[in-house]
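Quick note: residue numbers are just sequence positions, from 1.
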Amino acid sequence: LSPLEAENGNDFKYTLIGGDVDTFTLQNGNQIFYSSGLQLDYERKKSYNIEVRVIDLQDRDAVSDITININDLNEYPPTAVNFEQLEVKIPTTISSGAFVATLIGFDADIYQPLSYKLVEDDDDDQNNSSRFHILDENKLYLGTGNLTEGTLNVKLEVSDPEG
């Protein structure tokens, strides 16, 4: 912090007087620091407002409002809740195109849509992702073709708009 009419450098006293004063402290006389034990998180609070009073040697004062905006970072990539590698048990009575599962993911960066993708891996003999498809954003369905009773392994990936 520095007043516009600074004549003698450090002849000013600063005080946090309003707004989110419990979240910040003044250090070294004129530097605002985040003091809470929690991490600044855009999803929790997008901005902070504080009022700062400055007083000079003649006891003249001024008050200024400061807004601190928090950037929206993708610090928490989404995770799969009910799958990473999914085993699908095929009964003898299931038909092609049948609904198999609802895919559920979690992202701490709330309010972001998640997308799901089948991951094909030619080097993995146990991966049967090509036998399935995803509809309605998160519904896993059997594809077409001959399916026999047994268990099929499917690899899935979940992502948010930041990847």
Side-chain angles (χ1 to χ4, degrees), residues 1-88 98-121 124 127-130 132-143 153-163:
L1 300 171
S2 179
L4 292 177
E5 297 181 18
E7 298 166 0
N8 295 324
N10 293 329
D11 295 350
F12 298 91
K13 180 181 177 189
Y14 299 92
T15 310
L16 302 179
I17 61 170
D20 294 305
V21 295
D22 294 338
T23 308
F24 297 92
T25 61
L26 280 172
Q27 294 182 15
N28 303 320
N30 66 347
Q31 297 174 352
I32 298 173
F33 281 85
Y34 180 64
S35 64
S36 177
L38 298 174
Q39 205 173 10
L40 292 172
D41 187 2
Y42 179 87
E43 283 72 32
R44 193 171 39 240
K45 189 165 181 173
K46 294 174 179 38
S47 66
Y48 293 85
N49 296 299
I50 53 176
E51 285 182 283
V52 178
R53 172 178 283 138
V54 60
I55 300 174
D56 67 10
L57 291 175
Q58 288 79 35
D59 283 334
R60 295 177 295 190
D61 71 335
V63 174
S64 182
D65 293 324
I66 297 175
T67 299
I68 300 168
N69 293 310
I70 307 304
N71 291 330
D72 187 11
L73 302 175
N74 190 24
E75 65 271 15
Y76 309 107
T79 57
V81 171
N82 67 339
F83 65 88
E84 281 184 15
Q85 175 136 349
L86 185 64
E87 286 188 356
V88 179
F99 171 78
V100 174
T102 298
L103 307 173
I104 300 170
F106 172 76
D107 190 348
D109 297 322
I110 57 176
Y111 308 119
Q112 293 185 337
L114 299 178
S115 59
Y116 302 89
K117 176 181 160 186
L118 292 162
V119 178
E120 295 190 31
D121 185 354
D124 184 354
N127 184 14
N128 292 281
S129 296
S130 63
F132 297 86
H133 59 275
I134 297 172
L135 296 175
D136 301 324
E137 298 178 6
N138 69 334
K139 306 289 190 243
L140 182 66
Y141 289 86
L142 285 174
N153 293 311
V154 180
K155 286 187 181 179
L156 297 151
E157 177 181 290
V158 59
S159 62
D160 62 14
E162 281 84 36

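Qualifying side-chain contact (heavy atoms from CB on, under 4.5 Å) partners for Phe99, counting only residues two or more places apart in sequence or in other chains: Thr102, Lys139, Tyr141.
Across every non-hydrogen atom of Tyr116 and Asn138, the tightest pair is CE1-CB, 3.6 Å. The two residues Glu137 and Ile134 make their nearest non-hydrogen contact at O-CG2, 3.8 Å. Of all heavy-atom pairs between Leu16 and Val52, the closest is CD2-CG2, 3.6 Å.
When each of Thr67, Ile68, Ile70 is tested with Ser47 by the rule side-chain contact (heavy atoms from CB on, under 4.5 Å), just one qualifies, namely Thr67.
We find the OH-CG distance between Tyr34 and Asp20 to be 10.0 Å, quoted to the nearest 0.5 Å. Between the OG1 atom in Thr15 and the CZ atom in Arg53 there is a gap of 7.0 Å [rounded to 0.5 Å]. Between the CD atom in Gln27 and the CD1 atom in Ile32 there is a gap of 11.0 Å [rounded to 0.5 Å]. Here the OH-CG distance, from Tyr14 to Leu26, works out to 9.5 Å after rounding to the nearest 0.5 Å. The structure places OG1 of Thr25 at 9.5 Å from CD1 of Ile50, a figure rounded to the nearest 0.5 Å. Considering CD of Gln31 and CZ of Phe24, their distance stands at 14.5 Å, rounded to 0.5 Å.
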**Prompt:** Going through the distances and angles, do Asn30 and Val54 end up as a side-chain contact (heavy atoms from CB on, under 4.5 Å)?
**Reply:** CA-CA 10 Å; Asn30 66 347; Val54 60; over 6 Å; no

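With contacts defined as side-chain heavy-atom distances shorter than 4.5 Å, the pair Thr23/Lys45 does not qualify. Between Asn49 and Ile66 there is no side-chain heavy-atom pair separated by less than 4.5 Å.
In this structure, Asp65 places its CG atom where more than 12 heavy-atom neighbours from other residues, nucleotides or ligands lie under 6.0 Å away.
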